[in-house]
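Here is the structure we will look at.
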2 protein chains.
Amino acid sequence: MNRKRVSAHQPVLLATVAAKAGVSIATVSRIVNGETGRASAETIERVQKIVGALGYRPNHVGRALRRRESRIVAMLSPNLDNPAMAAIAASVETALRSAGYVMILCDTHDRAELQDEYLHAMRSQAVQGYVLVNAVQSEALSASVARGDPIVFVGRRNPAGAGSFVGIDNRRAGADAADHLWAQGIRDLAVIHPTQGSSASRDRVDGFVRRLKELGLPCEAIRQASALGLSHLEVGYAAAQRLIDGKSWPGGLLCPSDMMAYGAYRLALEKGIRIPETCRIVGIDDNALNAWIAPWLISVRIPYADFGAKVVGQLQALWAGEQPSEQLLPHELIVR
Amino acid sequence: MNRKRVSAHQPVLLATVAAKAGVSIATVSRIVNGETGRASAETIERVQKIVGALGYRPNHVGRALRRRESRIVAMLSPNLDNPAMAAIAASVETALRSAGYVMILCDTHDRAELQDEYLHAMRSQAVQGYVLVNAVQSEALSASVARGDPIVFVGRRNPAGAGSFVGIDNRRAGADAADHLWAQGIRDLAVIHPTQGSSASRDRVDGFVRRLKELGLPCEAIRQASALGLSHLEVGYAAAQRLIDGKSWPGGLLCPSDMMAYGAYRLALEKGIRIPETCRIVGIDDNALNAWIAPWLISVRIPYADFGAKVVGQLQALWAGEQPSEQLLPHELIVR
DNA sequence: GACAGCCCGGCAAACGTTTGCCAAACTGGT
DNA sequence: ACCAGTTTGGCAAACGTTTGCCGGGCTGTC
């Protein structure tokens, strides 16, 4: 019968306030939006009092429709289960909030078709910007880029061309790892990586190998192995297995992500190899948990906590009509 | 001058399609929404073809305004940096997507005033439901509950009264930990916890202690310590420090979360205590990384991956007008 | 007193969609 | 030929907000 009664506080609208204040909704709207000089001081005061008393809050849907700005930003991230991705998400979310935006989070599971589905869905949500973490090449992405949508790429550059970017200098990160191991006097070095690595992975490995060559280590002296796999954990385990197939463990091992390092570590445990005494493992990311439960891991710390502010800065630049730009943040090798 | 030209593909609207098809926007709307029986087969076919060709996608803002449903759900979570929270977020996001909703993610940093700010902001976004992970008591929360907003509490029950809930039987989880340690013949047992723990933490500790009492261990034989702290990592470290202050390490230690266990582990490392030989540590959550880098940790696995579906189920029940209900999922003690 | 300029505020048209209602055209039965 | 019923589709009013434009009343100047 009167099922509406059950929980139907009807929302307070501009009209509600306007009626109570004896002014038009236009006036209330202007006052709510801080437009001064369009109403007398007394009117403003009175309306504001009523707004407060009634707890009026503008309906964002109506506003978005009229102003054509939703104040929503979409963040597409592969597997949130990866702590590095979670850290980026947290950082971006916080930065967006302080800039007055809210974040829709989409987990693409690193799959192009899901990324496309989300890009379409977000477009019909009328989001104002996109943050693409480790994006993959896909049709809707190309279309979005071509349309000139405001996109910031994080971690991995636009797989199809230019675009705003926030990340680190991956090549230098690899080189820093090389320098460290070299300085420790370790010469039997190895590196593992995903078989179809992203540009980020490739650059890290590349920087590592190049630097070692500069230091005088012949290319063929650096053992390499790769593996396919769903997660970097499994890739690390499987690639390490291939690496040591019949052979001894290297004295130093670069893993292009902490997750891969964990995978390699598990194999080492199973084989009775002592880490870090027998083999120094270097990861990249420096997961916050390392300090607590993986002090054996040397890792390149990426300042994920600072990503959010940079990302929002890039978005605002795009909104202001500026050209896309790249922002490289400093990294730091952490040894415990 | 013509700056609009630069990147202004004007969006394709119902009107665009309607004009091209020579029908009214009403007809297009109905066809897009799958309403059959209101247009001839040929018209439907023709319109659908044009919709496909033009790539028309309904604008969700317009639709939300008219239908009064945004298909947006807000998820409020404390620190995403906690892998357990990230796992919940990922699971809920996936479940929402397959139900046709999108998720706005809000990181409350476990602070009541931020939670309030978000609750207000989400209300003006006209979200259709709320997923509150480990919610804290707050003013806007009470108001929202009183208004009858559709809220599902996860992990921690509504701090102010009843409400839909998804989680595990925390008391039994604590008891299971007690059973395990007891069965190992360990009798010098201890437990640490946050000084102002949530109901979840309290229940876990409570279940642990009660079960031990049932098994014949006098209450005062169970050492307890607590600490204040920002993160459970720090709480674990500090509480463990108090626990062993001058005294020996216990043979078994319950930590109400894996994070706290990591904190205790770090102290053990520093003190040269061998884990698990000297002290069995039991955590709760069973972080996915445990299998890889913390095999020493015994942990109660919580099926976070299943939370999403349950949460969405609860939301749909609330939308259908059903009463709030509680959903307890099975947990399992994992020993490696 | 005419006129310009300002202050204060309202009217009404958007924004893109959905949907209740009406109506024209057709069908088939008498 | 008429009528009832069905099929097909359009009109226009919402939904809640913002904002261009207009106008009435006031002040001050010539």
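Every chain is numbered from 1 and lettered A, B, ... according to where its sequence line falls, protein lines coming before strand lines. Nothing here was measured: the structure is a model prediction, and the numbers come from that model.
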**Study point:** Salt-bridge present (B:K49, B:E45; N to O < 4.0 Å)
**Key:**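 Salt bridge: yes.
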Exercise for review: Determine, for A:E326 against A:R157, whether the closest basic-nitrogen to carboxylate-oxygen distance falls under 4.0 angstrom.
Suggested key: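 Yes, charged N to carboxylate O under 4.0 Å.
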Review point. If you check the B:L14 side chain, which of D:dT17, C:dT18, D:dT19 turns out closest?
Key: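 For the B:L14 side chain, the nearest candidate turns out to be C:dT18.
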May I ask you to evaluate whether [X] reaches the phosphate of [N], defined as a side-chain N or O under 4.0 Å from OP1 or OP2?
| X | N | answer |
| --- | --- | --- |
| A:S29 | D:dT18 | yes |
| B:N59 | C:dC15 | no |
| B:R68 | D:dG16 | yes |
| A:R63 | D:dT18 | yes |
| B:Y56 | C:dG16 | no |

Rounded to the Å, how far apart are [X] [atom1] and [N] [atom2]?
| X | N | atom1 | atom2 | value |
| --- | --- | --- | --- | --- |
| B:R67 | C:dG20 | CZ | C1' | 15 Å |
| A:I25 | C:dA14 | CD1 | P | 16 Å |
| B:E35 | C:dC21 | CD | C1' | 13 Å |
| B:L65 | C:dT19 | CG | P | 13 Å |
| B:I31 | C:dT19 | CD1 | C1' | 15 Å |
| A:H60 | D:dT17 | NE2 | P | 11 Å |
| A:L13 | D:dG16 | CG | C1' | 7 Å |

Practice item. Calculate, to the nearest 0.5 Å, the distance between atoms NE2 and CG belonging to A:H109 and A:D81 respectively. Key: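 Atom-to-atom, A:H109:NE2 and A:D81:CG are 8.5 Å apart.
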Review point. Rounded to the nearest 0.5 Å, how far apart are CD of B:E113 and OG1 of B:T108?
Key: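 B:E113 CD to B:T108 OG1: 9.5 Å, rounded to 0.5 Å.
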Review point. Among B:V12, B:V47, B:T16, whose side-chain contact (heavy atoms from CB on, under 4.5 Å) with B:Y56 holds?
Key: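 Passing option: B:V12.
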Point to revise | B:S325 and B:Q314: side chain donor to acceptor below 3.5 Å | key: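 Side chains of B:S325 and B:Q314: pair found under 3.5 Å.
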Distances for protein N or O near nucleotides 6-9 of chain C N or O, under 3.5 Å:
| from | atom 1 | to | atom 2 | distance (Å) |
| --- | --- | --- | --- | --- |
| C:dG9 | OP1 | A:T43 | OG1 | 2.8 |
| C:dG9 | OP2 | A:S40 | N | 2.6 |
| C:dG9 | OP2 | A:T43 | OG1 | 3.2 |
| C:dG9 | N7 | A:R38 | NE | 3.4 |
| C:dG9 | N7 | A:R38 | NH2 | 2.7 |
| C:dG9 | O6 | A:R38 | NH2 | 2.5 |

**Study point:** Minimum heavy-atom distance between B:V136 and B:L141, given as atom pair plus value
**Key:**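 Residues B:V136 and B:L141, closest heavy atoms: O-CD2, 3.4 Å.
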Practice item. Find which nucleotide of DNA chain D each of B:G22 and B:R66 is nearest to by heavy atoms, and output the residue with the more 5' nucleotide. Key: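 Counting from the 5' end, the first nearest nucleotide belongs to B:G22.
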